[in-house]
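Have a look at the structure below, then the notes.
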Amino acid sequence: MERTSTRAYDTLVESLAARGVDVGGVEERLCSQRVETPSWGYGNSGTRFKVFPQPGVPRGPFEKLADASQVHRLTGICPSVAVHIPWDRVDDYGELREYADSLGMKIGAVNPNLFQEEEYRLGSVCNPDEGIRRKATDHLLECIEVAEEVGSDVLSLWFADGTNYAGQDSFIERRHRMQESLTETYEAMPDNMRMLLEYKPFEPAFYHTDLSDWGAALTMCQKLGERAEVLVDLGHHLQGTNIEHIVALLLDEGRLGGFHFNNRKYADDDLIVGSVNPLELFLIYVELVEAEESTRIDYMIDQAHNIEPKIEAMILSVMNLQEAYAKALLVDRTRLDEARHSGDILGAHRLLLDAYATDVRPLCAKVREDLGASADPVSAFRESGYLEKVVNERKEGVGAGWG
Ligand code: RM4
Ligand code: MN
Ligand code: MN
């Protein structure tokens, strides 16, 4: 493995130290950063027009874990994988857990799937039909059991529930139906488990969605109890929404439970993290840097690759998260505070720009090496021969994907 270019690192450390940055402290924070990758990000996915299958794609949850462990091996900060049920359903979850252990990995958030069955045409937990709501709630309860079996303490919920036309159903009755189902689910969770509630303004429902925004999700969490928290998916806002402000508000309410990182240009595009709007990602981390030490936040990626190679795409997302976090850690908080209090608008703004403009790549490379990972994970992955190996091994059988 190639060593970090020490000259670039030394120069950076020198200039950061001159700016008064505690480089050791920053490196420590970077070493403890964790990002969970999604099992579904390793399988085939696409748009409603076409799914382009990729050679070597995993054929089931075990192989998805193996691919995820490559991302961890090379980045050093991704030891857990979120699963989606039933996409990742297996006969023996204990075996899946043991396999994860054998790879030095853990299973993270369990995501129930309440959007791919015939019955859910009018919704799952908000469906006007009581029997269908029962089926949906039973699936949520099943996922609590799965979580216990795989050793996870996070139930992460996203509902496709909503309506397509004005008048189709009652907003309020639907809200009450969801509350009833989630109350039952919440009460069934063991004491150490948390429920994350994800909002989304549209798609697949186009008139309204039952959890359309952070306010709808937050008020539902407040009704359920303190182990219900809001999950922010970066692709789930209307254009122009100030996501960092939402992050700050949820932190202040003590209800920011986690993230689904991805990036988008237009809608819920699920592209590589930081590929479209890296400044926004940095500004989100600026809000997180101080608050995260006193609260548990689950940092997860929710990404679906249509044409790009999956493992590399995941690695790139993780590196972009490392860099955004590193830059946010460089913001001179003391001077920022002073500028804010003295009304120095552009002074304050420029402190953020100074941190954002810093090339932190040598620092991140050094931290990855300290973690036993790779200074240059994409090249290391390409040189490892892993992809060629799995393309060969996974020739037989059907690649895993949506549905
Ligand atoms: C949704 C949402 C959920 C994810 C599904 C696959 O848009 O982001 O988090 O589980 O997609
Ligand atoms: Mn999501
Ligand atoms: Mn989404």
Side-chain angles (χ1 to χ4, degrees), residues 35-48 51 61 64 68 80-89 107-117 120 123-125 136 139-140 143 146-147 152 154-162 194-206 208-214 216-217 220 229-239 241 243 246-247 250 256-273 275-277 281 284 297-306 310 313-314 317 321 400-403:
V35 175
E36 181 163 306
T37 70
S39 69
W40 56 98
Y42 300 99
N44 283 323
S45 61
T47 65
R48 64 186 192 270
V51 174
K64 291 179 194 170
S80 67
V81 183
V83 292
H84 223 296
I85 308 296
W87 296 340
D88 296 316
R89 193 172 265 154
I107 295 176
V110 174
N111 292 248
N113 183 318
L114 289 166
F115 49 90
Q116 284 188 314
E117 283 164 67
Y120 297 141
S124 61
V125 294
H139 179 54
L140 295 174
C143 285
V146 172
S152 163
V154 182
L155 187 68
S156 189
L157 309 182
W158 172 72
F159 297 100
D161 289 55
R194 289 152 69 241
M195 177 189 281
L196 304 183
L197 270 194
E198 180 174 353
Y199 56 89
K200 179 171 179 174
F202 76 98
E203 199 198 29
F206 290 114
H208 104 287
T209 58
D210 289 291
L211 288 179
S212 54
D213 61 14
W214 68 274
M220 185 62 73
E229 296 180 311
V230 181
L231 183 146
V232 177
D233 181 315
L234 268 54
H236 291 193
H237 304 85
L238 299 178
Q239 289 291 352
T241 301
I243 302 178
I246 295 173
V247 167
L250 291 172
L256 180 67
F259 282 93
H260 271 178
F261 287 117
N262 50 49
N263 217 172
R264 62 88 178 267
K265 183 144 180 79
Y266 300 106
D268 186 21
D269 307 342
D270 286 333
L271 297 170
I272 293 171
V273 182
S275 61
V276 182
N277 193 349
L281 189 63
I284 288 170
I297 300 170
D298 288 277
Y299 297 95
M300 300 176 276
I301 290 176
D302 181 6
Q303 210 167 275
H305 318 285
N306 301 341
K310 289 157 204 307
M314 206 61 84
S317 279
L321 284 162
W402 279 50

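When a ligand or atom number is given, it counts from 1 through the structure's own listing order.
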For K200, the ligand 1 atoms with a heavy-atom partner under 4.0 Å come out as 7 (O)
For N/O/S atoms only: which one belongs to D302 and is nearest the Mn ion (ligand 2)? OD2
In H236, which N, O or S atom comes closest to the Mn ion (ligand 3)? NE2
Give the atom numbers and elements of ligand 1 that come within less than 4.0 Å of a heavy atom of D268. 7 (O)
Near H260 (heavy-atom distance under 4.0 Å), the atoms of ligand 1 are 9 (O)
Would you check if the side chain of N263 reaches a backbone N or O of L271 as a donor-acceptor pair within less than 3.5 Å? no
Around atom 6 (C) of ligand 1, find the nearest protein heavy atom and jot down its residue, atom name and distance. W402 CH2, 3.7 Å
What's the ND1-the Mn ion (ligand 2)-OD2 angle here (H260, D233), rounded to 10 degrees? 110°
Please say whether more than 12 non-hydrogen atoms of neighbouring residues, nucleotides or ligands are located less than 6.0 Å from CH2 in W214. no
In this structure, OG of S39 is separated from CD1 of I107 (nearest 0.5 Å) by 9.0 Å
For atom 9 (O) of ligand 1, tell me which residue out of E203, Q303, E198 has the closest non-hydrogen atom. E198
Taking the N/O/S atoms of E198 one by one, which is nearest to the Mn ion (ligand 2)? OE2
Is a donor on one side and an acceptor on the other found under 3.5 Å between the side chain of S317 and the backbone of I272? no
H236 N/O under 3.5 Å from ligand 1 N/O: yes
Has T209 got a side-chain atom pairing as donor or acceptor with K200's backbone, closer than 3.5 angstrom? yes
Which is closest to atom 4 (C) of ligand 1 by heavy-atom distance: D270, L231, D302? D302
Geometric N/O contact N111 with ligand 1, under 3.5 angstrom: no
Could you please spell out the steps behind the ring-ring contact (aromatic ring centres under 6.0 Å, His included) verdict for H305 and Y42? CA-CA 8 Å; H305 318 285; Y42 300 99; 7.8 Å; no
So which heavy atom on S45 is nearest to which on K310, and how close? N-NZ, 4.0 Å
Give the numbers and elements of all ligand 1 atoms closer than 4.0 Å to a heavy atom of D233. 8 (O)
Does E203 use its side chain to pair, donor to acceptor, with the backbone of D268 at less than 3.5 Å? no
For G123, does its backbone N or O pair with a side-chain atom of D161 as donor and acceptor, under 3.5 Å? no
Name of the D268 N, O or S atom nearest the Mn ion (ligand 3)? OD2
Would you mind telling me if ligand 1 is within reach of the side chain of H84, the backbone, both or neither, using heavy atoms under 4.0 Å? side chain
Is there a donor-acceptor pair under 3.5 Å between the side chain of Q303 and the backbone N or O of F261? no
